[in-house]
Participant: 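Have a look at the structure that comes next, please.
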Amino acid sequence: MLLRRVARPLLAGIFVSSGLDTLLNPGPKVDKAAPLLKKAGEALPIEDPPPPATLVQLDAAVKVAAGSLLAAGYAPRLASAALAASLVPTTVIAHPFWQEHDDTARTAQRVHFFKNLAMLGGLLLAAADTQGRPSLGWWARRAVRRANSAVLDAAHTVGDTASGVADRAENVAHRATDIAHRAGDRATDVAHRAADVTGDAAHRVRAAVR
């Protein structure tokens, strides 16, 4: 999309430029970052923290690399996330307007601070931009819906199977009952016929005796 091809280099340009400036002349950034990095190193359980110059140059390298990737459109979401992560400490270290006593300096630092927050918002939007493709959240929700549907289908299938088995068992029971009834009826008929034959034989015997 043309809009993304234009917007990404505009957003990434300041990071590439500031990163290159820091790599070429790290001194001023190191001087500003050293006190805060020292406090952070004392607060965190790190036995041998790297020197401030190394951290400043590493941050600058991240800005140059991620900014270049974002400008070129390669892995833009990952590049935007990396730039957003590097922008937070940069903003706190470079523009602590609350520490300024001079009104003019405080105003200037406050403007830079909120300008960085605006860039942070743009980076977060770029990191969340899926370019029209479904997001990870959408895929996760789809997977959950499919899993739920599969479970319900399996439950229905099991229920239908159990119901079918129960119906078949009931039919077998009915058939067995019918067979028993028929067998009983036939046994009764046989008994009646045997009684009739016996009665006839008795009558004949009596008649012969007389």
Participant: Would you mind listing the cluster partners of Val6? Hydrophobic ones only (ILVMFWY), side-chain contacts under 4.5 Å, chaining allowed.
Facilitator: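 The other cluster members (ILVMFWY side chains, heavy atoms under 4.5 Å, direct or chained) are Leu2, Leu10.
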
Participant: Roughly how far, to the nearest 0.5 Å, is CD of Gln109 from CD of Gln99?
Facilitator: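 Spacing of CD (Gln99) from CD (Gln109) equals 9.5 Å.
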
Participant: Under 3.5 Å, is there a donor-acceptor pair between the side chain of Ser17 and the main chain of Gly13?
Facilitator: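 Such a contact is absent between Ser17 side chain and Gly13 backbone.
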
Participant: Pair Phe15, Leu70 - check side-chain contact (heavy atoms from CB on, under 4.5 Å), show working.
Facilitator: CA-CA 10 Å; Phe15 296 99; Leu70 178 60; 6.0 Å; no

Participant: Calculate, to the nearest 0.5 Å, the distance between atoms OG1 and CG belonging to Thr91 and Leu120 respectively.
Facilitator: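 Answer rounded to 0.5 Å: 7.0 Å.
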
Participant: Please report the closest heavy-atom contact between Ala79 and Ala66, naming both atoms and the distance.
Facilitator: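 Looking at all heavy atoms of both residues, the shortest contact is CB-O, 3.4 Å.
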
Participant: Ser80 and Ala127: which non-hydrogen atoms are nearest, and at how many Å?
Facilitator: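 Nearest pair, atom of Ser80 first, then Ala127: CB-N, 3.6 Å.
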
Participant: Considering only heavy atoms from C-beta outward, does the side chain of Leu55 approach that of Pro52 to under 4.5 Å?
Facilitator: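 The answer is no; the side chains never approach within 4.5 Å.
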
Participant: Any chance you could measure Arg77, atom CZ, to Thr130, atom OG1, to the nearest 0.5 Å?
Facilitator: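 These two atoms lie 6.0 Å from each other.
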
Participant: Determine yes or no for a side-chain-to-main-chain donor-acceptor pair under 3.5 angstrom, with Arg106 supplying the side chain and Glu100 the backbone.
Facilitator: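 The answer is yes, because a donor-acceptor pair under 3.5 Å joins these two groups.
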
Participant: What residue pairs, at least two apart or across chains, pass salt bridge (Lys or Arg N to Asp or Glu O under 4.0 Å) with a residue in residues 59-68?
Facilitator: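 Non-adjacent pairs meeting salt bridge (Lys or Arg N to Asp or Glu O under 4.0 Å): Asp59-Lys63.
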
Participant: Show the nearest heavy-atom pair for residues Gly67 and Ala12, with the distance to one decimal.
Facilitator: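 Closest approach of Gly67 to Ala12: O-CB, 3.1 Å.
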
Participant: Hey, does Gln57 have a side-chain heavy atom less than 4.5 Å from the side chain of Thr22?
Facilitator: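 Contact flag for Thr22/Gln57 side chains = no.
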
Participant: What closest approach, in Å, do Ala94 and Pro96 show between heavy atoms, and which atom pair accounts for it?
Facilitator: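 Taking Ala94 first and Pro96 second, the nearest heavy atoms are C-CD, 3.4 Å.
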
Participant: Is there a path of hydrophobic side-chain contacts, each under 4.5 Å between heavy atoms of I, L, V, M, F, W or Y residues, that connects Val88 with Leu11?
Facilitator: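 Shared cluster, yes.
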
Participant: Transitive ILVMFWY cluster of Tyr74 at side-chain heavy atoms under 4.5 Å: who else is in it?
Facilitator: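 Once heavy-atom contacts under 4.5 Å are chained together, Tyr74 belongs with Leu69.
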
Participant: Hey, any chance Leu124 and Leu83 share a hydrophobic cluster, counting ILVMFWY side chains that come within less than 4.5 Å of each other, even indirectly?
Facilitator: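 Per the 4.5 Å side-chain linkage, Leu124 and Leu83 are co-clustered.
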
Participant: Not counting sequence neighbours, which residues clear ring pair (Phe, Tyr, Trp, His ring centres under 6.0 Å) with Phe113? List them please.
Facilitator: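 With sequence neighbours excluded, Phe113 shows a ring pair (Phe, Tyr, Trp, His ring centres under 6.0 Å) to Phe97, Trp98, given in chain and number order.
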
Participant: Ion pair present between Arg4 and Asp129, side-chain N to carboxylate O less than 4.0 angstrom?
Facilitator: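 Salt bridge flag = yes for Asp129 with Arg4.
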
Participant: Among the clusters formed by ILVMFWY side chains lying less than 4.5 Å apart, do Leu20 and Ile14 turn up in the same one?
Facilitator: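 No: no chain of side-chain contacts under 4.5 Å links Leu20 to Ile14.
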
Participant: To the closest 0.5 Å, what do you measure between OG (Ser86) and CG (Leu123)?
Facilitator: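 With rounding to 0.5 Å, OG (Ser86) is 8.0 Å from CG (Leu123).
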
Participant: Only pairs at least two apart or in different chains count here, so list each salt bridge (Lys or Arg N to Asp or Glu O under 4.0 Å) that has a residue in residues 89-99.
Facilitator: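 Checked against salt bridge (Lys or Arg N to Asp or Glu O under 4.0 Å) - neighbours excluded - no pair reaches residues 89-99.
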
Participant: In chain order, what residues pass the salt bridge (charged side-chain N to carboxylate O under 4.0 Å, His left out) check against Asp102, with sequence neighbours excluded?
Facilitator: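 Residues passing salt bridge (charged side-chain N to carboxylate O under 4.0 Å, His left out) with Asp102: none at all.
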
